[in-house]
Amino acid sequence: MSSSAMTASRALQTIYDDDDCPNYEAAVSRSNTNSTNAGSSVHWTKAAEELQQASGTFIPQRQGAIHRAASTSRLPPRPIVRRERYVYSYNMVAGSTPLQFHISVEPASGKQPGFYTFRLSLKANGIERSLAEPLDLKLAIDPKKLDFVVFIFPGKTSIPVGCVYSLRVWLRVNGIDHRVFGDDDLWIAKDPDFNSIADASFARLKKLNRNSQYYHGVVGRALVTFIVRWRLISGKLYQYSLEYEAGGVSSMLFEDFRMQIDGDPRTVTFSIYTVPMQSMPAGASHRLRVWLRSLSLGSKLIMGFSTGGPQTVIIDEPAEISAQRSDYDDKSRQGSEHSHYLH
């Protein structure tokens with residue numbers, strides 16, 4: 001064997017003895033650090049080629065690792081998708097309590113140009129929740145020049161009495177009205193007469209922590225603890241959950257209840273009660289109700305009035321997540337300082 005062949009053979013043996021498995025992570029790290037390291041990676045590739053020529057042995061793993069690392073360092077950044085959301089606001093005063101309805105209009109994700117997603121939310125006493133399901137409409141008009149009609153009126157019979165209202169939102173364009181949102185289960189009242197509910201059993205707030213509240217109650221003669229938890233998602237948007245625990249067994253009642261809160265979420269409290277239902281065996285089934293403090297309304301139709309043109313919100317987000325919903329989803333609910341039914 002020639003001296004050059006023996007040298008190449010020893011060098012090859014040293015490579016595989018020092019590192020039996022190619023260190024891809026180290027190679028990628030070196031190639032992505034700076035231009036100096038990238039240059040040393042190219043020199044390493046050339047050295048491997050010279051060694052291959054001298055020994056007649058092919059070294060695919062290391063060369064492949066270097067080429068992949070070099071190409072990784074040249075990937076372009078993800079493009080940013082810019083969208084505009086137009087928010088129309090309508091105010092009304094009901095039972096001496098101000099309400100504000102927000103209607104947002106933005107390009108629909110994953111659809112052809114011209115389609116827009118409409119969303120409705122209600123804000124009262126610093127707390128906002130979404131209403132109804134989002135709606136997609138195709139518009140041949142300027143989305144920044146829309147007009148809506150928003151009103152509420154007394155709804156169906158309820159217990160407590162006078163707590164359910166109906167909501168209607170119409171889009172008015174070129175003399176033609178289109179109903180876009182409707183909700184016949186908008187439960188709101190000031191100081192509802194909970195004492196009128198036969199056999200209702202109320203849970204009491206016993207402990208308030210930084211991000212949870214504990215309520216103790218009796219359900220079918222069983223001692224039950226209701227646990228309300230919340231976490232901050234972003235900005236002023238919070239995600240709430242409710243679970244119960246009895247006798248060492250617990251279960252989730254709801255876990256994706258969202259509210260946008262202007263103040264401290266610890267000031268938002270709940271009214272939780274159960275009502276027995278017919279069951280076999282008797283006393284084993286109960287209807288659960290959860291309220292927040294909200295507003296009062298009278299017995300007549302109340303119209304909302306526009307606050308002016310829409311507010312334009314610019315949304316910048318990576319292209320790969322642009323299809324996700326902005327704002328908060330349609331599972332959201334509202335809470336504030338007066339009674340408001342949730343579940």
Side-chain angles (χ1 to χ4, degrees), residues 77-92 98-152 167-174 176-183 186 231-240 256-263 265 304-336:
R78 293 196 302 268
I80 298 298
V81 176
R82 170 162 290 189
R83 297 186 300 162
E84 290 187 347
R85 179 194 305 154
Y86 312 111
V87 181
Y88 295 82
S89 298
Y90 288 78
N91 294 342
M92 68 174 63
L99 298 178
Q100 187 171 69
F101 291 91
H102 297 301
I103 305 168
S104 67
V105 183
E106 62 184 274
S109 299
K111 291 193 174 184
Q112 297 178 352
F115 281 90
Y116 290 83
T117 300
F118 290 69
R119 295 189 178 94
L120 174 67
S121 64
L122 168 64
K123 184 173 184 178
N125 296 331
I127 299 178
E128 185 174 0
R129 68 171 173 115
S130 66
L131 298 174
E133 296 286 338
L135 175 68
D136 288 345
L137 293 175
K138 187 175 183 179
L139 301 180
I141 54 178
D142 190 345
K144 299 190 294 295
K145 298 179 180 180
L146 303 180
D147 185 26
F148 296 90
V149 179
V150 181
F151 59 92
I152 58 176
L167 166 70
R168 297 291 184 268
V169 178
W170 291 73
L171 171 62
R172 177 170 293 171
V173 179
N174 296 326
I176 299 177
D177 294 279
H178 307 261
R179 174 175 151 167
V180 290
F181 294 111
D183 188 353
L186 189 59
R231 69 178 184 89
L232 179 63
I233 297 178
S234 64
K236 300 178 181 180
L237 180 61
Y238 292 84
Q239 180 187 54
Y240 278 75
D256 195 15
F257 165 80
R258 300 189 178 192
M259 297 187 295
Q260 187 160 287
I261 304 173
D262 289 345
F305 59 91
S306 173
T307 60
Q311 175 190 6
T312 302
V313 180
I314 303 299
I315 309 170
D316 290 336
E317 52 189 26
E320 65 183 32
I321 65 172
S322 61
Q324 297 180 1
R325 289 191 53 179
S326 58
D327 208 348
Y328 34 89
D329 63 31
D330 45 283
K331 294 182 180 179
S332 306
R333 297 291 187 269
Q334 148 131 21
S336 65

Spacing of [atom1] belonging to [X] relative to [atom2] belonging to [Y], to within rounding of 0.5 Å:
X: Leu167; Y: Leu99; atom1: CG; atom2: CG; result: 10.0 Å
X: Leu237; Y: Gln260; atom1: CG; atom2: CD; result: 6.0 Å
X: Tyr240; Y: Tyr238; atom1: OH; atom2: OH; result: 7.5 Å
X: Glu133; Y: Asp183; atom1: CD; atom2: CG; result: 10.5 Å
X: Leu186; Y: Ile152; atom1: CG; atom2: CD1; result: 6.5 Å
X: Thr117; Y: Leu137; atom1: OG1; atom2: CG; result: 9.0 Å

Just to verify, what does Arg231 make a side chain to side chain contact (heavy atoms under 4.5 Å, CB included) with, not counting sequence neighbours?
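Arg231 satisfies side chain to side chain contact (heavy atoms under 4.5 Å, CB included) with Ile233, Gln239 only.
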Do [X] and [Y] come within less than 4.5 Å of each other through their side chains, counting heavy atoms only?
X: Leu146; Y: Ile103; result: no
X: Arg179; Y: Phe181; result: no
X: Asp136; Y: Lys111; result: yes
X: Tyr116; Y: Val105; result: yes
X: Ser104; Y: Phe118; result: no
X: Met259; Y: Lys236; result: no
X: Ile141; Y: Val173; result: yes
X: Met92; Y: Phe101; result: yes

For Arg258 and Asp256, what are the C-alpha separation, side-chain angles and deciding distance, and is it a salt bridge (Lys or Arg N to Asp or Glu O under 4.0 Å)?
CA-CA 6 Å; Arg258 300 189 178 192; Asp256 195 15; 2.9 Å; yes
Using a distance-only test with no angle check, is there a side-chain donor-acceptor pair under 3.5 angstrom linking Ser121 and Glu128?
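Result is yes, a qualifying pair exists.
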So Lys144 and Glu84, salt bridge (Lys or Arg N to Asp or Glu O under 4.0 Å) or not? Walk me through it.
CA-CA 10 Å; Lys144 299 190 294 295; Glu84 290 187 347; 5.3 Å; no
Worked verdict on Leu120 versus Val169 for side-chain contact (heavy atoms from CB on, under 4.5 Å)
CA-CA 9 Å; Leu120 174 67; Val169 178; 3.9 Å; yes
Taking only residues two or more places apart in sequence, or in another chain, which ones meet Phe148 in a ring-ring contact (aromatic ring centres under 6.0 Å, His included)?
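Tyr88.
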Which heavy-atom pair separates Asp147 from Leu171 by the least distance, and what is that distance?
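The answer is O-CD1, 3.4 Å.
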What's the shortest heavy-atom distance between Leu135 and Val180, and which atoms?
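Nearest heavy atoms, Leu135 then Val180: CD2-O, 3.6 Å.
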If the threshold is 4.0 Å, N to carboxylate O, is there a salt bridge linking Asp177 and Arg172?
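Counted as a salt bridge, because a side-chain N and a carboxylate O are separated by less than 4.0 Å.
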Under a 4.0 Å threshold between the charged nitrogen and the carboxylate oxygen, would Asp262 count as salt-bridged to Lys123?
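Salt bridge between Lys123 and Asp262, a charged N being under 4.0 Å from a carboxylate O: yes.
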